[in-house]
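First up is the structure itself, then whatever we jot down about it.
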Protein chains: 2
Amino acid sequence: MSEFKPLDPLLHSQLRLAVMSLLLSVDEAEFTFIKEKTESTAGNLSVQLDKLEKAGYVQIEKSFRGKRPLTTCKITQVGVKAFESYVENLKKYIT
Amino acid sequence: MSEFKPLDPLLHSQLRLAVMSLLLSVDEAEFTFIKEKTESTAGNLSVQLDKLEKAGYVQIEKSFRGKRPLTTCKITQVGVKAFESYVENLKKYIT
DNA sequence: ATAAATAGGTTTATTTTATAAACTATTTTA
DNA sequence: TAAAATAGTTTATAAAATAAACCTATTTAT
């Protein structure tokens with residue numbers, strides 16, 4: 001077996017990795033908060049969150065705050081596991 | 001400033017990262033050795049080595065062993081530096 | 001001696017990603 | 001009541017990764 005295990009392509013992406021990292025550190029986070037913290041554009045973030053959701057790595061809830069739409073994100077247990085194993089694999093590349 | 005510093009796109013790629021990681025651990029390496037260790041196809045490896053060379057991260061020497069072509073790769077100081085700073089940045093995403 | 005297989009790659013084509021730009025819908029402010 | 005802002009989504013474009021096809025020379029088998 002190779003030293004270099006495959007890196008989950010869903011996590012091996014700067015923005016998605018930043019999003020996951022952020023979501024690991026909080027209970028949940030709003031779309032705009034993630035956007036600011038990651039310094040991403042809304043469009044890009046929207047697309048990447050979609051992918052993470054489709055993979056079951058995050059859970060996305062749409063609601064309203066007052067009259068405006070509010071998108072809230074939470075990492076799932078599947079997401080946590082995937083992140084951890086990604087990091088384990090990655091370590092073999094960087095140490 | 002954001003927690004998430006940009007990750008050098010040249011290094012944030014599975015195969016190129018594996019190549020750099022490998023080259024860090026040896027004095028120099030032959031094309032076929034790298035190909036085996038990284039379990040990559042020759043085409044893909046050729047393209048990625050080219051990019052690393054153009055960035056000045058590796059140095060590539062073409063010669064002959066007996067009658068057959070031999071491609072030998074070595075990481076440069078610029079490459080080592082880039083790798084180190086990539087790892088520093090990456091750590092903020094994964095810890 | 002010729003044909004087929006192997007070595008050691010490179011080049012080109014295709015698919016996938018990342019990203020930006022444009023758009024929608026509502027709401028607030030001037 | 002326009003104009004600008006909020007909170008996103010959708011579509012288009014650029015860039016990357018990867019695979020497939022190709023090339024040249026060398027061995028090996030017939």
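By convention in this document, chain letters (A, B, ...) are assigned in the order of the sequence lines, proteins followed by strands, and residues within each chain are numbered from 1. The basis for the numbers below is simple: all heavy atoms, side chains too, and nothing from hydrogens, waters or symmetry mates.
Minimum heavy-atom separation, Asn89(A) to Pro6(A): ND2-O, 3.4 Å. In terms of heavy-atom proximity, Thr38(A) sits nearest to Ser40(A) at OG1-OG, 2.9 Å. Heavy-atom minimum distance, Phe4(B) versus Lys92(B): CE2-O, 4.0 Å.
For the pair Met20(A)/Tyr93(B), no side-chain contact is recorded, criterion being any heavy-atom separation below 4.5 Å from C-beta on. Contact annotation: the side chain of Phe31(B) never approaches that of Leu70(B) to less than 4.5 Å [non-hydrogen atoms, C-beta and beyond]. Two residues are said to be in side-chain contact when any heavy atoms from C-beta on lie closer than 4.5 Å; Leu10(B) and Tyr86(B) fail this criterion. Contact annotation: the side chain of Val19(A) never approaches that of Gln48(A) to less than 4.5 Å [non-hydrogen atoms, C-beta and beyond]. Counting heavy atoms from C-beta outward, Lys74(A) and Leu23(A) have side chains that stay 4.5 Å or more apart.
The partner of dA20(C), taking Watson-Crick or G-U wobble pairs whose two distances both stay under 3.5 Å, is dT11(D).
Candidate nucleotides dG8(C), dG9(C), dT18(D) were compared by shortest atom distance to the side chain of Arg65(B), and dG8(C) ranks first. Checking dG9(C), dA16(D), dT19(C) against the side-chain heavy atoms of Leu15(A) singles out dT19(C) as nearest. In the set dT18(D), dG8(D), dT19(C), the nucleotide with an atom closest to the side chain of Phe31(A) is dG8(D).
Atom CZ in Phe33(B) sits about 14 Å away from atom P in dG9(C), given to the nearest Å. Protein atom CZ of Phe4(A) is 17 Å distant from nucleotide atom P of dA17(D), rounded to whole Å. Atom P of nucleotide dA21(D) and atom CG of Asn44(B) are separated by 16 Å, given to the nearest angstrom. With rounding to whole Å, Leu45(A) atom CG is found 14 Å from dA20(C) atom C1'. Taking atom CD1 on Ile34(A) and atom P on dA7(D), their separation rounds to 14 Å, with Å as the unit. Rounding to whole angstrom units, CD1 of residue Ile60(A) and C1' of dA7(D) are separated by 14 Å. Between Lys35(B) atom NZ and dT6(C) atom C1' the separation is 12 Å, expressed in whole Å. Whole-Å rounding puts the Leu70(A) CG to dT6(D) P distance at 15 Å.
With Glu30(A) as the fixed residue, the salt bridge (Lys or Arg N to Asp or Glu O under 4.0 Å) test singles out one of Arg65(A), Lys37(A), Lys62(A), Lys35(A): Arg65(A).
Along DNA chain C, the nucleotide nearest Ala42(A) and the nucleotide nearest Lys62(B) are compared for position; the residue whose nucleotide lies closer to the 5' end is Lys62(B).
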**OP:** Between protein and nucleotides 22-30 of chain C, map the contacts as a letter string: B base, S sugar-phosphate only, - none, heavy atoms under 4.0 Å, written 5' to 3'.
**Re:** -----SS--

Throw together a table of side-chain donor-acceptor distances under 3.5 angstrom for residues 49-58 of chain B, partners on residues two or more places apart or in other chains.
| residue | atom | partner | partner atom | Å |
| --- | --- | --- | --- | --- |
| Asp50(B) | OD2 | Lys54(B) | NZ | 3.1 |
| Tyr57(B) | OH | Asp8(B) | OD2 | 2.6 |

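Residues of residues 46-58 of chain A that place a heavy atom closer than 4.0 Å to DNA chain C, in numerical order, are Val47(A), Gln48(A), Lys51(A).
A close approach under 4.0 Å does occur between a side-chain nitrogen or oxygen of Ser13(A) and OP1 or OP2 of dA18(C). Between Arg16(B) and the phosphate of dA17(D), there is a side-chain N or O to OP1/OP2 separation shorter than 4.0 Å.
Using a 4.0 Å heavy-atom criterion, one finds that Ser40(A) contacts no nucleic acid atom at all.
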